[in-house]
Amino acid sequence: MVRKYAVRNPCCFPPGPGEISAVLGKLEALNHAGGEPRASVGTIVRMEDLLSGEQGCFQLVWPDEAAPEQDRLSILSPLGAALLGARRGDEVMVTLFGCRCDFRVLALWEAEPREGSAVPL
């Protein structure tokens with residue numbers, strides 16, 4: 001369900017001013033956040049669908065780098081925006097076409113820019 005959701009729903013509608021403002025607010029807050037690592041652009045997030053128990057990993061990326069079929073989600077997609085700023089153990093909820101999906105963040109990794117490998121956070 002996790003992968004199916006991300007691939008089928010990478011971004012249903014162009015984000016409006018409210019959605020873009022919310023994402024920019026989260027990005028700004030991440031610049032000032034300390035302590036436990038949070039999901040941000042470039043972070044690989046391992047999560048679990050709380051209904052099915054299925055797990056999946058996705059990297060949060062800028063919209064022009066998004067490729068859901070390659071597990072790279074735009075931070076402006078519904079799921080990407082919900083994961084932005086999440087910490088390990090957080091639960092996020094996404095509603096799409098009236099269907100509610102709940103996920104738990106299991107782990108975060110920061111992708112290495114040069115080699116594409118991941119380092120656990």
Side-chain angles (χ1 to χ4, degrees):
M1 176 68 171
V2 174
R3 182 160 173 59
K4 181 175 157 183
Y5 178 87
V7 171
R8 285 192 179 171
N9 303 301
C11 190
C12 298
F13 303 103
E19 290 87 2
I20 291 174
S21 177
V23 168
L24 291 175
K26 286 183 176 184
L27 288 172
E28 181 63 27
L30 287 171
N31 287 335
H32 303 291
E36 192 173 345
R38 294 179 176 264
S40 63
V41 177
T43 302
I44 298 170
V45 180
R46 180 165 195 76
M47 60 189 184
E48 174 184 26
D49 181 325
L50 294 178
L51 181 62
S52 69
E54 181 185 347
Q55 296 183 10
C57 286
F58 298 95
Q59 182 177 20
L60 297 178
V61 297
W62 295 109
D64 63 330
E65 299 172 334
E69 65 283 352
Q70 296 174 6
D71 301 327
R72 293 194 322 257
L73 292 180
S74 167
I75 59 170
L76 294 182
S77 71
L79 183 55
L83 289 169
L84 194 61
R87 295 177 293 212
R88 188 179 54 160
D90 283 356
E91 293 183 7
V92 297
M93 186 269 301
V94 179
T95 302
L96 191 60
F97 301 118
C99 181
R100 178 180 166 153
C101 299
D102 295 295
F103 302 96
R104 178 177 294 121
V105 176
L106 301 175
L108 302 170
W109 292 268
E110 192 61 42
E112 301 247 350
R114 292 186 182 174
E115 299 177 14
S117 61
V119 178
L121 294 176

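Because only heavy atoms are used, hydrogens play no part in the values below, and waters and symmetry mates are left out as well, while side chains stay in.
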Closest non-hydrogen atoms of Arg72 and Glu65, given as atom of the first, atom of the second and distance, are NE-O, 3.1 Å

Any Phe103 side-chain heavy atom under 4.5 Å of Leu79 side chain: yes

Hey, does Leu73 have a side-chain heavy atom less than 4.5 Å from the side chain of Pro68? yes

Looking only at heavy atoms, what is the nearest atom pair of Thr43 and Glu110, with distance? OG1-OE1, 3.2 Å

Taking every non-hydrogen atom, the tightest pair across Ile44 and Cys57: CG2-CB, 4.3 Å

Taking C-beta and beyond as the side chain, do Leu60 and Val45 meet within less than 4.5 Å on heavy atoms? yes

Can you tell me if CG on Leu106 sees more than 12 non-hydrogen neighbours from other groups inside 6.0 Å? yes

Holding to side-chain hydrogen bond (donor to acceptor under 3.5 Å, both in side chains), I want the full list of residues that pass it with Arg104, two or more places apart in sequence or in another chain. Glu91

Phe58 vs Met47 side-chain heavy atoms within contact, under 4.5 Å: yes

Please check if the side chain of Ser77 supplies one atom and the backbone of Gly80 the other of a donor-acceptor pair under 3.5 Å. yes

State, with a plain yes or no, whether a side-chain heavy atom of Ile75 is found less than 4.5 Å away from one of Val61. no

Atom CD of Gln59 and atom CD of Gln70: how far apart are they, to the nearest 0.5 Å? 11.0 Å

Between Ala86 and Val105, which heavy-atom pair has the shortest distance, and what is it? CB-CG2, 3.8 Å

Who are the side-chain hydrogen bond (donor to acceptor under 3.5 Å, both in side chains) partners of Asp102, not counting sequence neighbours? Arg100

Distance-minimising heavy-atom pair for Ser40 and Leu84: CA-CD1, 3.8 Å

State, with a plain yes or no, whether a side-chain heavy atom of Arg46 is found less than 4.5 Å away from one of Trp109. yes

Calculate, to the nearest 0.5 Å, the distance between atoms CG and SG belonging to Asp49 and Cys101 respectively. 6.5 Å

Rounded distance (nearest 0.5 Å) linking atom CG of Asp90 with atom CG of Leu108: 8.5 Å

